Visitor: 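Let me give you the structure first, and then I'll get to my questions.
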2 protein chains.
Amino acid sequence: MATIYEVSALAGVSLSSVSRVLNDHQHVSEKTKKKVMDAMQELGFRPNSVARSLASNRSNCIGILVSELHGPFYGAMLSEIETELRKAGKHSIVTAGHSNEQSEKEGIEFLIDRNCDALIMLVDALPNEYFVKLKKNKTPFTVLNRHIPEIEDNCFYLDNELGGYLATKHFIEHGHKHIAYISGPLSKQDATDRFHGHQRALKEANIPLNDALVVEGDYLIQSGRDGMASLLDTGINFTAVACANDEMAAGAMKTVRDRGFTMPDDYSIIGFDNVFFTEYLYPQLSTINFPIKDMAKMSTQWILKHVYKQKNIDVENFFKPELITRESISHI
Amino acid sequence: MATIYEVSALAGVSLSSVSRVLNDHQHVSEKTKKKVMDAMQELGFRPNSVARSLASNRSNCIGILVSELHGPFYGAMLSEIETELRKAGKHSIVTAGHSNEQSEKEGIEFLIDRNCDALIMLVDALPNEYFVKLKKNKTPFTVLNRHIPEIEDNCFYLDNELGGYLATKHFIEHGHKHIAYISGPLSKQDATDRFHGHQRALKEANIPLNDALVVEGDYLIQSGRDGMASLLDTGINFTAVACANDEMAAGAMKTVRDRGFTMPDDYSIIGFDNVFFTEYLYPQLSTINFPIKDMAKMSTQWILKHVYKQKNIDVENFFKPELITRESISHI
DNA sequence: ACCGAGACTGGAAGCGCTTCCATTCTTACC
DNA sequence: GGTAAGAATGGAAGCGCTTCCAGTCTCGGT
């Protein structure tokens with residue numbers, strides 16, 4: 001691979017000049033610019049981005065840390081960020097944190113050590129204080145699906161409580177009074193928020209919360225199956241079940257069908273997130289939309305604005321969930 | 001961020017010694033090792049990986065190029081690779097090629113320019129010759145889901161023809177004689193291979209191929225819906241439809257149901273790939289297993305063996321598909 | 001013709017690390 | 001005690017680029 005030296009030699013100009021045209025600096029005459037371009041062309045020169053990054057302390061790379069690389073939710077997010085970044089001529093380096101404090105930390109350090117210009121993170125094990133401290137570092141960052149009061153501007157988050165409320169309220173409006181709930185892991189903020197929304201809707205309708213009708217899952221499909229099974233096993237009468245995410249809803253639907261019941265006649269179900277496969281399910285799953293793509297896009301806008309100083313960018317940190325009505329809920 | 005200079009000063013040893021302990025070289029006494037470690041600890045030193053990479057021409061990073069960052073198929077692959085790599089203390093830099101020749105090429109150059117030690121690619125726009133040429137470069141690589149005869153060792157691929165054969169043969173064994181086919185984009189090798197398998201199974205059973213019962217899709221769900229609709233609209237009698245991937249199968253199922261038919265009684269359906277959501281569908285989709293995780297894992301093993309010289313690694317390039325029987329196929 | 005303000009260009013010092021080479025220190029052994 | 005092989009260390013030259021600084025050139029204005 002040719003280096004800038006060879007280009008400079010072939011073009012008959014100095015290193016600095018080559019560097020200047022490489023970086024599109026002002027104060028380079030058209031003549032030398034052309035000479036350099038031709039030489040680059042001839043040599044098939046491609047700048048070594050590692051060297052550039054070392055010398056300039058700039059990488060044009062954004063580090064992305066998500067819990068997992070698979071799954072509909074993270075997939076949508078990654079894809080959106082990558083697309084937006086590429087439009088702006090930036091690149092993404094993505095790594096996974098596996099919902100584990102140690103490996104989340106390693107991931108962040110890895111990205112910083114690779115000289116990323118900024119970070120976009122969606123993680124759940126690291127505590128808030130970590131991010132508050134991290135802000136003292138030089139690498140700017142953004143946090144998704146999390147509200148950290150001390151660094152609000154860096155956060156992009158959804159009103160999860162409202163989402164939970166909307167879901168259960170929708171059931172109530174359809175005449176349901178006995179509503180079960182399969183929650184996410186209550187150690188996570190979004191899970192508790194969603195659950196609180198559920199409780200608020202119940203309270204508003206003067207329906208007491210029946211603890212026996214609440215089970216805690218882990219956001220994975222199996223826990224939806226198991227959760228629904230144990231709900232059914234209680235023998236308590238209920239007609240609807242709100243799930244804290246779509247995966248668990250899919251699991252619950254499976255159990256309902258395995259037990260010989262139908263949906264939505266015997267049981268109405270609602271999910272949360274509105275991931276792509278909710279439309280493939282039968283019946284199609286009503287759910288709460290989590291505008292992850294919008295949030296992902298917005299967080300890259302934030303970076304374009306704050307890190308690369310692009311103008312005319314408006315940033316919005318707070319997002320509202322919306323009810324998506326499909327076929328999984330019946331009137332009573 | 002502290003540099004190696006400060007460590008060397010604090011520890012009272014030379015730069016070289018610090019570097020030696022950093023790289024776990026032989027010929028460093030326990031004493032100086034300890035001094036250096038302590039100094040690093042005290043300064044919270046973290047090596048600048050960009051500088052290391054520039055100086056050593058090694059990055060401990062593997063570049064990964066996939067068509068898209070979302071989707072069940074790529075997600076599974078990315079996740080598997082990242083996990084395997086991390087186990088070996090390596091990192092991944094992932095980028096997307098968007099099934100577009102230009103941007104695939106850019107992606108590859110980006111990864112090479114970032115000094116990746118090796119590449120893992122799953123792309124479909126770039127022609128075979130590109131990879132044959134690429135092999136002359138210094139960066140080793142691996143290609144998934146593609147058989148390029150000239151560089152067979154670098155390829156990890158599935159017997160797609162066999163998969164197509166297995167699917168249709170399964171229908172035939174269940175008494176189906178009128179079998180429709182929704183293919184992938186026939187410009188892609190895997191799509192034509194799968195289709196050829198379908199044809200072979202038909203031929204073997206002395207069933208003539210009815211062109212009117214073949215539609216070409218693009219592997220996306222909508223084309224499954226549309227494909228099934230136009231199949232139904234032909235008015236030709238058929239009882240089963242083989243789809244070249246699961247997404248299109250999900251789309252086809254949707255159309256079947258929208259038209260008021262049931263599965264598997266009115267129509268039997270089979271997919272291809274065995275992505276995670278096939279189990280969520282109703283009826284659960286029978287399909288052909290594409291061992292993408294195994295292939296992803298194997299290709300990282302290849303890299304560990306050839307790039308990082310790890311021993312005791314056996315590499316297998318060729319994978320066999322398997323039939324997964326679930327609920328979407330009836331006997332006739 | 002002269003001056004100064006920019007425009008343009010080149011030189012050279014770094015960015016933070018690795019690694020080759022040379023030097024010094026140990027140790028085992030005769 | 002002397003020697004040589006090998007272990008341990010330090011010095012210094014890069015890796016390929018950016019960027020500051022200083023010097024040269026150009027040109028309009030007087």
Side-chain angles (χ1 to χ4, degrees), chain A residues 1-37 39-40 43-61 109-117 138-139 308, chain B residues 1-37 39-40 43-61 109-117 138-139 308:
Chain A
M1 193 87 279
T3 74
I4 204 179
Y5 284 87
E6 301 168 43
V7 175
S8 120
L10 183 59
V13 300
S14 73
L15 278 191
S16 336
S17 292
V18 177
S19 176
R20 272 183 212 107
V21 348
L22 208 52
N23 293 287
D24 216 16
H25 266 272
Q26 46 181 5
H27 304 325
V28 223
S29 68
E30 284 304 319
K31 214 176 63 190
T32 75
K33 191 165 183 172
K34 178 158 187 344
K35 280 195 289 189
V36 172
M37 300 279 240
M40 285 181 175
L43 293 168
F45 170 80
R46 276 190 348 237
N48 177 325
S49 50
V50 174
R52 296 182 84 170
S53 176
L54 179 62
S56 68
N57 210 16
R58 234 321 134 82
S59 65
N60 283 317
C61 280
E109 294 182 351
F110 166 73
L111 294 170
I112 291 177
D113 294 345
R114 290 229 66 97
N115 225 327
C116 288
D117 294 339
K138 77 171 189 17
T139 310
Y308 299 113
Chain B
M1 193 88 277
T3 74
I4 204 178
Y5 284 87
E6 302 168 42
V7 175
S8 118
L10 182 60
V13 301
S14 71
L15 278 190
S16 336
S17 291
V18 178
S19 175
R20 273 183 211 107
V21 348
L22 208 52
N23 293 285
D24 216 17
H25 267 273
Q26 46 182 3
H27 303 324
V28 225
S29 69
E30 283 306 317
K31 215 176 61 191
T32 75
K33 191 166 183 169
K34 179 160 188 339
K35 282 194 288 188
V36 171
M37 300 280 239
M40 285 181 174
L43 293 168
F45 170 80
R46 273 184 358 231
N48 176 324
S49 52
V50 173
R52 296 181 86 169
S53 175
L54 179 62
S56 68
N57 210 16
R58 233 323 135 82
S59 64
N60 283 317
C61 281
E109 294 182 350
F110 165 73
L111 294 170
I112 291 177
D113 294 346
R114 289 250 91 181
N115 224 327
C116 288
D117 294 339
K138 78 170 191 11
T139 310
Y308 300 112

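The structure displayed is predicted, hence computed values, not measured ones. Proteins come first, then strands; the chains are lettered A, B, ... in the order of their sequence lines, and each starts at number 1.
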Visitor: Using a heavy-atom cut-off of 4.0 Å across all strands, would you classify Ser19(B) as base, sugar-phosphate, or nothing?
Guide: base
Visitor: Once you apply a heavy-atom cut-off of 4.0 Å, does Ser49(B) come out as touching a base, just sugar-phosphate, or nothing?
Guide: nothing
Visitor: Looking for any heavy atom pair under 4.0 Å, which part of the strands does Arg58(B) touch: base, sugar-phosphate only, or nothing?
Guide: nothing
Visitor: State, to 0.1 Å, how close Asn48(B) and Leu54(A) come at their nearest heavy-atom pair, and which atoms those are.
Guide: ND2-CD1, 4.4 Å
Visitor: Output the rounded distance in Å from CZ (Arg114(B)) to C1' (dG16(D)).
Guide: 13 Å
Visitor: Taking all non-hydrogen atoms of both residues into account, name the closest pair between Arg52(A) and Pro47(A) and its distance.
Guide: NH1-CG, 3.6 Å
Visitor: Test of understanding: with ring pair (Phe, Tyr, Trp, His ring centres under 6.0 Å), list the residues that count as partners of Phe110(A), not counting sequence neighbours.
Guide: His91(B)
Visitor: What is the distance, rounded to the nearest whole Å, between atom CG of Asn60(A) and atom P of dT18(D)?
Guide: 11 Å
Visitor: With a cut-off of less than 4.0 Å, is there a side-chain N or O of Ser56(B) near OP1 or OP2 of dT18(C)?
Guide: no
Visitor: Over how many whole Å does the gap from Arg46(A) atom CZ to dG16(D) atom P extend?
Guide: 14 Å
Visitor: Starting at NZ of Lys31(B) and ending at C1' of dT9(D), how long is that distance when rounded to a whole Å?
Guide: 11 Å
Visitor: Within this structure, what is the CG-OG1 distance for the pair Asp113(B) and Thr139(B), rounded to the nearest 0.5 Å?
Guide: 9.0 Å
Visitor: What does Val18(A) touch in the nucleic acid at a heavy-atom separation under 4.0 angstrom: a base, only the sugar-phosphate, or nothing?
Guide: nothing
Visitor: In whole Å, I'd like the distance from the CD1 atom of Ile4(A) to the C1' atom of dG11(C).
Guide: 14 Å
Visitor: Answer yes or no: side-chain N or O of Ser16(B) and base N or O of dG11(D) forming a donor-acceptor pair under 3.5 Å.
Guide: yes
Visitor: Expressed as a whole number of angstroms, how long is the span from His27(A):NE2 to dG10(C):P?
Guide: 15 Å
Visitor: Any base atoms under 4.0 Å from Val50(B), or only sugar-phosphate, or nothing? Heavy atoms, all strands.
Guide: nothing
Visitor: Just compare dT19(C), dC17(C), dT18(D) and give me whichever is closest to any side-chain atom of His25(B).
Guide: dT19(C)
Visitor: In whole Å, what is the span from the CD atom of Glu30(A) to the P atom of dC25(D)?
Guide: 21 Å
Visitor: Give one of base, sugar-phosphate or nothing for Thr3(A), where a contact means two heavy atoms less than 4.0 Å apart.
Guide: sugar-phosphate
Visitor: Can you tell me which nucleotide in dG16(C), dT9(D), dT19(C) comes closest to the side chain of Leu54(B)?
Guide: dG16(C)
Visitor: Return the 5'-most residue of the pair Ala55(B), Val28(B) with respect to DNA chain D, ranking by each residue's nearest nucleotide.
Guide: Val28(B)
Visitor: Quickly work out the Leu15(A) CG to dC8(C) P distance and round it to whole Å.
Guide: 20 Å
Visitor: Nearest to the side chain of Ser14(A), which nucleotide is it out of dT19(D), dG11(C), dT18(C)?
Guide: dG11(C)
Visitor: Under 4.0 Å: is that the gap between some side-chain N or O of Asn23(B) and OP1 or OP2 of dT18(C)?
Guide: yes
Visitor: Applying side-chain contact (heavy atoms from CB on, under 4.5 Å), run through Arg20(B) and Val13(B) and close with a yes or a no.
Guide: CA-CA 11 Å; Arg20(B) 273 183 211 107; Val13(B) 301; over 6 Å; no
